[in-house]
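Taking it in order: structure first as structure tokens, then the write-up.
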Amino acid sequence: MKHIAWIILAIIGAIALGVTATARGEQINALWIVVAAISSFMVAYRYYALYIAQHVMRLSPDRPTPAVYRADGLDYVATDRRVLFGHHFAAIAGAGPLVGPVLAAQMGYLPGTLWIIFGVVLAGAVQDFMVLFVSMRRDGKSLGELVRMEMGPVAGTIALIGTFMIMVIILAVLALIVVKALAESPWGLFTVAMTIPLALAMGIYTRWIRPGRIGEVSVLGFIGLILAIIFGQNVAASPIWGPIFTLTPTQLCWLLIGYGGVASVLPVWLLLAPRDYLSTFLKIGAIAALAIGIFIMAPPLKMPALTQFIDGGGPVWSGGLFPFLFITIACGAVSGFHALISSGTTPKLIGSEMDAPFIGYGGMLMEAFVAIMALVGASILDPGIYFAMNSPAALLGTSPESAAAAVTAMGFPIAPELLAQTAKDVGEHSIISRTGGAPTLAVAMAEIFSHVVGGPAMKAFWYHFAILFEALFILTAVDAGTRAGRFMLQDLIGLAVPSFRNSSALVPGLIATALCVSAWGFFLYQGVTDPLGGVNTLWPVFGISNQMLAAIALMLCTVVLFRLKRERFAWVTVVPTIWLLICTLSAGWLKLFSADPKVSFLAHAQLFSDAAARGELLAPAKTMAEMQRIIFNDRVDAALCVLFLAVVLSLMAFTVRTCIQARRSPVPTAREIHPDIPEMEMAR
Amino acid sequence: MKGFFTRWAEMMRLMVGQPHYESYVQHMARHHPDRTPMNRTEFFRNREQARYGGKGSGRCC
């Protein structure tokens, strides 16, 4: 029986999941989680992905893909599936799956683990796979074009506006993570700053000295990075250079906004492309090393399975387990942004329809595995250290003593000496309130890597290596995202002012770039100056927007199934759509109308405006102007939530309408593009 | 083993948006024998601009 091995694997997975879920009081080994995840993923891939491929999509090895019938050797290339898997995975996995699970660890390791495993199998991987299918059958068109094709031009424009706003929030939150990781950290800032001259040198090398030698130039760049990390220690210790690279969050914020503006109008070969080589290869290498390190070290989980914060009131982010856990871990469980990748380059490179499960479903499972590793990383740290790093300074104070007292009072006893010693081990002045997830993960990676290579003496090196790796690909994303946002904006403004569309014209390009940078810069500045740490405010908005994009993508797939007259299989996309709509709509609703000012933007604005009316100042505001700014920011965030809700609700209406129309039609109405008769309405 | 290494190198290059040059040359020879294919450097530049300068940003958060 060919199923026996799979049944054994399923039993192993069930046992591991059972151990993970039922352990209380005693520490369990991290490998239980890893084994539970891997076996669940493999069984899901073998059975669920195959079911979707055979029955829902009816993939056919005989049907040519765009890479075959439109082959041009450039954009459309039939590619070996293993090679394409690497391409697709490198495109979907970024900072999201690393940060979300770290933040979610405030509720213990169990809720995050379960959500990642079940979320990816039933929602995230299904979304990536389905969008890939829909795009692959339509010349590899993009998500916006697909919505327009299947749901009409109005729905397409609404989706485009929503996507642009999501982009803005993602850029702001990513930039905020970099600011939080590099502020007051001369060693970290120096190494990250060095990547700019390094990338410029690499750009010149690939332009004029040895064009196209990516491997060569990347090795040279990597050596430069390692030297920058080693030398960074001396820079940080230097009485002259140390203070120059010690910047406040606000200073860094302005630097980053300026950098985003300049970098996104430079020629791509000069800065963006070479740094993308470094960040991509470093990302893949670091993820592989982390996996190997976890297997070798097999660390015990020090975080409890559940903490008291599942009812809400946690210091890292506000709100209870439902719905906020499900928007805190977006990437890794289900990420709407992947819909843009699955309808981007990947469908143009896929050589056979039969490769789609491996690329679409399998690629997302791989990202979920990265998320599991990040969760493991956060959970092997002493919970006292975790909460001292991730709680806002307003709660902890700034000294190890005050932080240790505050965290001990939360129920996670820790000595101030341990906080000071941990900071010293990783070569930082302080680890208190280094929110944003990246520093926490870097401490965990330093723990794991130094266990395997170099021992405690190497901890500081590995910490800064991890910070560098995260900051590097976030900066690449900021730069590339600003460019992409600029083109989206030019398209949108072009709807009203057609001359704006010209993407090679200088003035519209500069205006759109400036608008895009000021949009994310606004939210970044707001986050940086937020007394609660900013991540607290921005991450939920990011999570809501990303999950809403996922809901939109899944609604598109549902429409396509209805228009293919396969509505009896539509539960495959309808179930995750409904779950995402429940989570995002209720989270959005609570962000607007909850009575708790820690959760709701409007309640928070009300609290401050009432106090302002009485002439009182509420901490952290020190002047009336600051009070007004806090109120204004709250209202902007609330308006953004309203916008996201409006986008998703209107697309939901379009979805229902289109599905009803499709049911009434006696023949399939899906507009698949057939290789032989392009743009023909398929009536099979 | 050689197959593994070449495929690995091909994967690393495609991760940063550089497709296989030889496949492109083959494609041009088979379908457009009348046209001169781009040389390796031109091909590299063309793909670099397509990945970074165009509309698709090609990566996620």
Side-chain angles (χ1 to χ4, degrees), chain A residues 71-75 77-80 82-87 89-97 142 167 170 173-174 206 211-212 214-215 218 267-269 272-273 276-277 280-281 284 330-331 335 337-338 340-341 344-345 349 367 473 476-477 480-481 483-485 487-488 491 503 542 546, chain B:
Chain A
D72 63 1
L74 297 169
D75 293 312
V77 186
T79 305
D80 181 282
R82 288 155 293 192
V83 173
L84 183 57
F85 186 88
H87 170 81
F89 176 70
I92 62 173
S142 70
M167 194 81 156
I170 285 178
V173 85
L174 290 179
T206 47
I214 294 172
S218 300
V268 291
W269 56 265
L272 178 57
D276 184 44
Y277 306 154
T280 303
F281 301 145
I284 300 297
C331 309
S335 169
F337 228 72
H338 293 190
L340 303 181
I341 312 291
T345 46
L349 296 170
E367 171 168 294
F473 68 68
T476 313
R483 282 174 202 269
F487 287 120
M488 278 187 206
D491 265 0
S503 58
F542 158 66
N546 198 7
Chain B
M1 206 55 208
K2 184 173 172 289
F4 173 80
F5 182 77
T6 44
R7 197 177 296 122
W8 183 78
E10 202 185 319
M11 181 170 90
M12 297 308 261
R13 289 181 71 87
L14 191 63
M15 274 185 187
V16 291
Q18 290 289 339
H20 201 218
Y21 177 68
E22 280 72 21
S23 306
Y24 159 76
V25 173
Q26 270 174 21
H27 170 86
M28 291 303 281
R30 195 174 309 142
H31 298 279
H32 310 284
D34 49 319
R35 283 188 245 162
T36 326
M38 291 183 269
N39 69 29
R40 213 174 260 279
T41 306
E42 288 162 350
F43 180 77
F44 171 71
R45 298 262 174 270
N46 177 296
R47 291 297 87 200
E48 187 174 64
Q49 196 60 32
R51 175 173 169 88
Y52 303 103
K55 296 194 172 188
S57 77
R59 81 179 54 67
C60 183
C61 33

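Lettering follows sequence order; numbering is per chain, from 1. Atom set for the values below is all heavy atoms of this structure, side chains included, hydrogens, waters and symmetry mates excluded.
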Smallest heavy-atom separation, B:Leu14 atom then A:His87 atom, equals O-ND1, 2.7 Å
On a heavy-atom basis, the closest approach of A:Leu74 and B:Pro19 is O-CG, 3.6 Å
Under 4.5 Å to a heavy atom of chain A? For B:Tyr21 that would be neither
Closest non-hydrogen atoms of B:His27 and A:Asp72, given as atom of the first, atom of the second and distance, are NE2-CA, 3.3 Å
Rounding to 0.5 Å, atoms CZ (B:Arg47) and CG (A:Asp75) come to a distance of 4.5 Å
Applying a strict 4.5 Å limit to non-hydrogen atoms, the region of A:Thr79 in contact with chain B is side chain
So, the part of B:Gln18 with a heavy atom under 4.5 Å from chain A: the answer is side chain
To the nearest 0.5 Å, atom CD of B:Glu48 lies from atom CG of A:Asp276 at 10.0 Å
Heavy-atom nearest pair, B:Arg13 first then A:Gly212, reads NH1-O, 3.2 Å
Chain B shares the most heavy-atom pairs under 4.5 Å, among A:Thr206, A:Leu84, A:Leu340, with A:Thr206
Is the shortest heavy-atom distance from the side chain of B:Tyr24 to the side chain of A:Val77 under 4.5 Å? no
Rounded to the nearest 0.5 angstrom, the CG-CD distance for A:Asp80 and B:Glu10 is 7.0 Å
With a 4.5 Å limit on heavy-atom distance, are the side chains of B:His20 and A:Val83 in contact?
-> no
* Taking it one step at a time, do A:Arg483 and B:Tyr52 satisfy side-chain contact (heavy atoms from CB on, under 4.5 Å)? -> CA-CA 8 Å; A:Arg483 282 174 202 269; B:Tyr52 303 103; 5.6 Å; no
Ranking B:His32, B:Arg45, B:Arg40, B:Met38 by heavy-atom pairs under 4.5 Å to chain A gives rank one to B:Arg45
Any side-chain heavy-atom pair of B:Met11 and A:Ile284 under 4.5 Å:
no
